[in-house]
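Okay, structure first, notes after.
Just so we're on the same page: letters track the sequence lines, and every chain starts at 1.
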Amino acid sequence: MSKDETTTPANFIRQIIDEDLAADRVSQIVTRFPPEPNGYLHIGHAKAICLNFGIAGDYDGVCYLRFDDTNPIKEESRYVEAIKDDIHWLGFQWKEIRHTSDYFETLYSRAVELIEKGLAYVDDLSMEEIREYRGKWNAPGQESPYRNRPVEENLDLFRRMRAGEFEDGSRVLRAKIDMASSNMNMRDPTLYRVRKVTHQNTGDEWCIYPMYDFAHCLSDAEEHISHSLCSLEFEDNRPLYDWVLDNSSPPSRPHQYEFARLNLEYTILSKRKLTLLVDTGKVSGWDDPRMPTISGLRRRGYTPESIRDLCDRVGVTKKDSVVEMGVLENTIREDLDRTAPRAMAVLNPLKLVITNYPEGESEELDAANHPQKPEMGSRKIPFGRELYIERDDFMEDAPKKFFRLTPGCEVRLRYAYFVTCTDVIKDAHGHITEVHCTYDPATKGGGSPDGRKVKGTIHWVSAPHAVETQVRLYDRLFTTPVPGKDTGDFMDDLNPDSAVTVKAFLEPALGAAEPGSHFQFERLGYFFVDPIDSAPQRPVFNRTVTLRDSWAKGRK
RNA sequence: UGGGGCGUAGCCAAGUGGUAAGGCACGGGGUUUUGAUCCCCGCAUGCGCAGGUUCGAAUCCUGCCGCCCCAGCCA
């Protein structure tokens with residue numbers, strides 16, 4: 001981690017913490033990151049992770065990783081390992097791993113306590129009936145006929161629910177609050193439901209499972225969470241969060257604060273939608289380099305630093321917002337510009353023949369690994385009569401501002417020589433197959449001993465020495481800033497060109513590139529050696545992001 | 001329709017009665033063997049709108065407008 005990493009800016013939550021500390025309302029800061037293990041973590045989760053772990057770190061507090069496993073029909077343990085990996089990779093360490101299921105027995109006792117106080121009851125209404133009884137926003141609901149069962153009967157029924165005497169959906173435990181409340185969450189919310197399924201952690205020990213609103217606040221209390229941070233859509237749940245804590249006897253009294261979740265242009269951050277992309281094969285998996293998941297970004301070539309930087313840059317507020325893709329892309333450009341060694345690669349080759357270079361000969365030239373960091377050293381690259389250059393770097397009839405190769409003009413081959421285009425060779429269809437040039441031996445290394453100016457510098461690779469490999473050019477997964485906004489279905493906005501694989505030619509040194517390493521291919525972008533698909537001496541590169549290109553931008 | 005939130009530049013975001021930080025984007029200039037990087041400069045007489053209080057309002061009051069969330073035995 002670099003020492004000059006941006007200091008985390010203040011935000012309203014940190015202000016609340018400062019005030020709580022100053023007023024002595026809390027003595028230690030305890031937070032938690034509570035994912036439900038029903039999918040992979042995405043960059044929106046990264047915001048919550050940075051917030052919770054970041055605060056705990058900065059305030060000398062602790063942060064727990066809590067798997068919120070209250071719904072066994074949706075959750076799988078295979079997601080647990082992936083979530084742990086992602087958090088570690090991001091650079092955070094939890095104090096302990098907890099599960100909501102660790103508290104099932106305690107939770108059960110608190111429910112019994114509510115029943116004894118006359119604040120909860122077993123309801124025999126069906127799911128549909130409960131929905132009908134709940135009423136509308138502008139009309140109060142009606143009380144269930146089972147609402148006023150005697151405490152003893154409720155206790156007995158609830159015990160028998162636990163014992164497995166009732167089938168799924170036949171009975172639930174409900175809080176007795178207010179069927180006329182303007183807050184729908186307070187119209188006798190369900191606390192427990194019957195689910196006769198095996199739980200990933202507790203096996204068949206339980207057949208009743210607590211609902212989020214009941215379990216979450218009490219789990220927070222068990223862990224002595226000082227500040228329970230969640231997203232905006234839970235604002236309406238806060239009165240219920242408080243009600244449960246105030247009407248049972250938890251070991252501590254946490255408080256919930258809500259912040260706006262992250263939204264990014266040209267992608268989606270909804271677990272449901274991401275799952276659909278995976279399940280329908282639109283992407284190769286949760287770690288497809290186009291996915292906004294932590295594992296996808298990692299495989300794309302994003303670094304933990306860049307993602308943490310994004311979280312710092314977007315801040316924490318209560319305002320719904322959609323962050324431009326450019327902000328994310330910039331964080332990785334900034335990081336990799338500092339750290340990635342440079343190399344040359346040609347993605348769309350055009351043969352260049354240097355007609356005055358001796359046939360069958362070659363030489364080695366020096367190239368710096370980083371133009372601003374001599375300490376990163378240099379390497380040798382072979383040069384000879386036949387090279388590949390980028391097809392885009394040659395134009396037969398070029399506009400005046402085209403600072404590249406064009407007939408009759410001289411350009412510099414990076415770290416090599418000045419060359420002048422003398423001929424253009426075409427096939428029968430008029431397609432350019434090669435360009436002929438002459439070179440000036442006095443300009444070896446790319447210098448200009450006579451002070452001669454050249455219109456541009458282009459990259460190249462020696463044809464006989466080049467390493468051929470696969471490079472995947474990734475682009476945004478969707479074609480519109482807010483997928484589905486106009487079409488109604490985000491699937492309709494998928495970008496058909498989001499993954500293009502090309503055969504590329506690399507300078508020889510790149511053949512030994514280690515899986516998981518980053519490079520800048522000069523003038524093209526940052527590329528990452530895919531850790532899964534690469535083989536020894538046969539790296540497969542993923543394009544993380546292109547370089548800024550003011551030339552391309554100006555032409556649009 | 002009832003309730004809960006939120007509106008500061010194209011996108012984020014500081015600001016908490018004393019005269020609009022910062023980042024990204026954008027525009028201009030400089031350096032450059034990457035049209036990259038880097039370095040300068042510019043970019044809200046204005047804070048959703050309309051009134052009001054005040055010597056003074058993005059900050060306080062009133063009214064309006066817009067957007068988001070809520071009627072799972074999901075989280």
Aromatic-base stack, A:Tyr212 on B:A75, cutoff 5.5 Å, angle under 30:
no
Just call it for A:Asn38: base, sugar-phosphate, or nothing, with non-hydrogen atoms closer than 4.0 Å on any strand.
nothing
side-chain contact (heavy atoms from CB on, under 4.5 Å) against A:Ser270, all qualifying residues, sequence neighbours excluded
A:Arg272, A:Lys273
At under 4.0 Å between heavy atoms, what does A:Arg342 touch on the DNA or RNA strands: base, sugar-phosphate, or nothing?
base
In whole Å, what separates the C1' atom of B:A21 from that of B:U16?
15 Å
Give me the distances for all protein-to-nucleotides 14-17 of chain B N/O pairs that come in under 3.5 Å?
residue, atom, partner, partner atom, Å
B:G15, OP1, A:Gln15, NE2, 3.2
B:U16, O4, A:Gln15, OE1, 2.6
B:U16, O4, A:Gln15, NE2, 2.8

Would the A:Tyr192 and A:Tyr209 ring centres measure less than 6.0 Å apart?
no
Tell me which residues in residues 125-141 of chain A put a heavy atom below 4.0 Å from RNA chain B, sorted by number, or none.
A:Leu125, A:Ser126, A:Met127, A:Ile130, A:Arg131, A:Arg134, A:Gly135, A:Lys136, A:Trp137, A:Asn138
When you compare the protein's N or O atoms with those of nucleotides 3-6 of chain B, which come within less than 3.5 Å of each other, and at what distance?
residue, atom, partner, partner atom, Å
B:G3, N2, A:Asp236, OD2, 2.6
B:G4, O4', A:Asp236, OD1, 3.4
B:G4, O2', A:Asp236, OD1, 3.2
B:G5, O2', A:Glu235, OE1, 3.3
B:G5, O2', A:Glu235, OE2, 3.3

Validation row: A:Trp243, A:Leu114 side chains within 4.5 angstrom (heavy atoms)
yes
For A:Tyr241, which residues count as a ring-ring contact (aromatic ring centres under 6.0 Å, His included) partner, sequence neighbours excluded?
none
Within-4.5 Å side-chain heavy-atom neighbours: A:Phe505 and A:Leu347
no
Lys/Arg N to Asp/Glu carboxylate O, A:Asp309 vs A:Arg313, below 4.0 Å
yes
Mind checking A:Val172 for me? I need base, sugar-phosphate or nothing, with any heavy atom below 4.0 Å counting as a touch.
base
Classify the nucleic acid contact of A:Tyr209 as base, sugar-phosphate or nothing, counting any heavy atom under 4.0 Å across all strands shown.
nothing
Chi-based syn or anti call at B:G72, which uses purine or pyrimidine torsion atoms and a 90° bound:
syn
Centroid separation A:Phe234 to A:His216 less than 6.0 Å
no
Using only side-chain N and O atoms of A:Arg313, determine if any of them is under 4.0 Å from OP1 or OP2 of B:C11.
no
Can you tell whether the side chains of A:Arg338 and A:Glu305 come within less than 4.0 Å, N to carboxylate O?
no
Contact class for A:Val322 (heavy atom, under 4.0 Å): base, sugar-phosphate, or nothing?
sugar-phosphate
5'-most contact on RNA chain B (nearest-nucleotide basis), A:Ser448 vs A:Asn185, goes to A:Ser448
Worked check of side-chain hydrogen bond (donor to acceptor under 3.5 Å, both in side chains) between A:Tyr212 and A:Asn71
CA-CA 9 Å; A:Tyr212 168 86; A:Asn71 188 359; over 6 Å; no
Can a salt bridge be assigned to the pair A:Arg78 and A:Glu76 using a cut-off of 4.0 Å between side-chain N and carboxylate O?
yes
If pairs are Watson-Crick or G-U with both distances under 3.5 Å, what is the dot-bracket string of RNA chain B, marking crossing pairs with [ ] and pairs to another strand with |?
.(((((((.[[[..)..(...]]].(((((.......))))).....[[[[[..)....]]]]])))))).....
Tell me whether A:Lys136 at atom NZ has more than 12 heavy atoms from other residues, nucleotides or ligands lying less than 6.0 Å away.
no
Any ion pair linking A:Arg98 and A:Glu222 (charged N to carboxylate O, less than 4.0 Å)?
no
Which residues share a side-chain contact (heavy atoms from CB on, under 4.5 Å) with A:Thr480, sequence neighbours left out
A:Pro483, A:Asp493
Please work out if A:Glu258 contacts a base, only the sugar-phosphate, or nothing of the nucleic acid, heavy-atom cut-off 4.0 Å.
nothing
Ring pair (Phe, Tyr, Trp, His ring centres under 6.0 Å) pairs, two or more places apart, involving residues 313-344 of chain A:
none
Rounded to whole Å, how long is the line connecting atom CG of A:Leu524 with atom P of B:U34?
14 Å
Identify, between A:Val323 and A:Met184, the residue whose nearest nucleotide on RNA chain B lies closer to the 5' end.
A:Val323
Mind checking whether A:Tyr40 and A:His45 have ring centres under 6.0 Å apart?
no
Looking at A:Arg171, does any N or O in its side chain come under 4.0 Å of the phosphate oxygens OP1/OP2 on B:C73?
no
A:Ser181 near the nucleic acid: base, sugar-phosphate alone, or nothing, with a heavy-atom cut-off under 4.0 Å?
nothing
Atom CZ of A:Arg414 to atom P of B:A36: distance rounded to whole Å?
13 Å
A:Glu522 CD to B:U32 P, in whole Å, measures 17 Å
Compute the centroid of each ring, for A:Trp460 and then for A:Phe383, and state whether the two points are separated by less than 6.0 Å.
yes
In whole angstrom, give the distance that lies between atom CG of A:Leu191 and atom C1' of B:G72.
14 Å
Determine the contact category for A:Lys401: base if any of its heavy atoms lies under 4.0 Å from a base atom, sugar-phosphate if only primed atoms, P, OP1 or OP2 are that close, otherwise nothing.
base
Interatomic distance at C1', B:A44 relative to B:G2, whole Å
37 Å
Please enumerate all residues that pass side-chain contact (heavy atoms from CB on, under 4.5 Å) together with A:Val314, with sequence neighbours excluded.
A:Leu262, A:Leu310, A:Val323
Contacts under 3.5 Å, N or O only, protein and nucleotides 38-44 of chain B:
none

Check the angle between the aromatic planes of A:Phe541 and A:Phe527 and answer parallel, tilted or perpendicular using the 30° and 60° thresholds.
perpendicular
Non-neighbouring partners of A:Ala368 that pass side-chain contact (heavy atoms from CB on, under 4.5 Å), sequence neighbours left out
A:Tyr415
Base, sugar-phosphate or nothing for A:Tyr417? Non-hydrogen atoms, less than 4.0 Å.
nothing
At a heavy-atom distance below 4.0 Å, what parts of residues 364-381 of chain A sit against RNA chain B?
A:Pro371, A:Gln372
Please determine whether a side-chain nitrogen of the Lys or Arg among A:Asp440 and A:Arg452 lies less than 4.0 Å from a carboxylate oxygen of the Asp or Glu.
yes
At 4.0 Å (heavy atoms only), tell me whether A:Gly447 reaches a base, stays on the sugar-phosphate, or touches nothing.
base
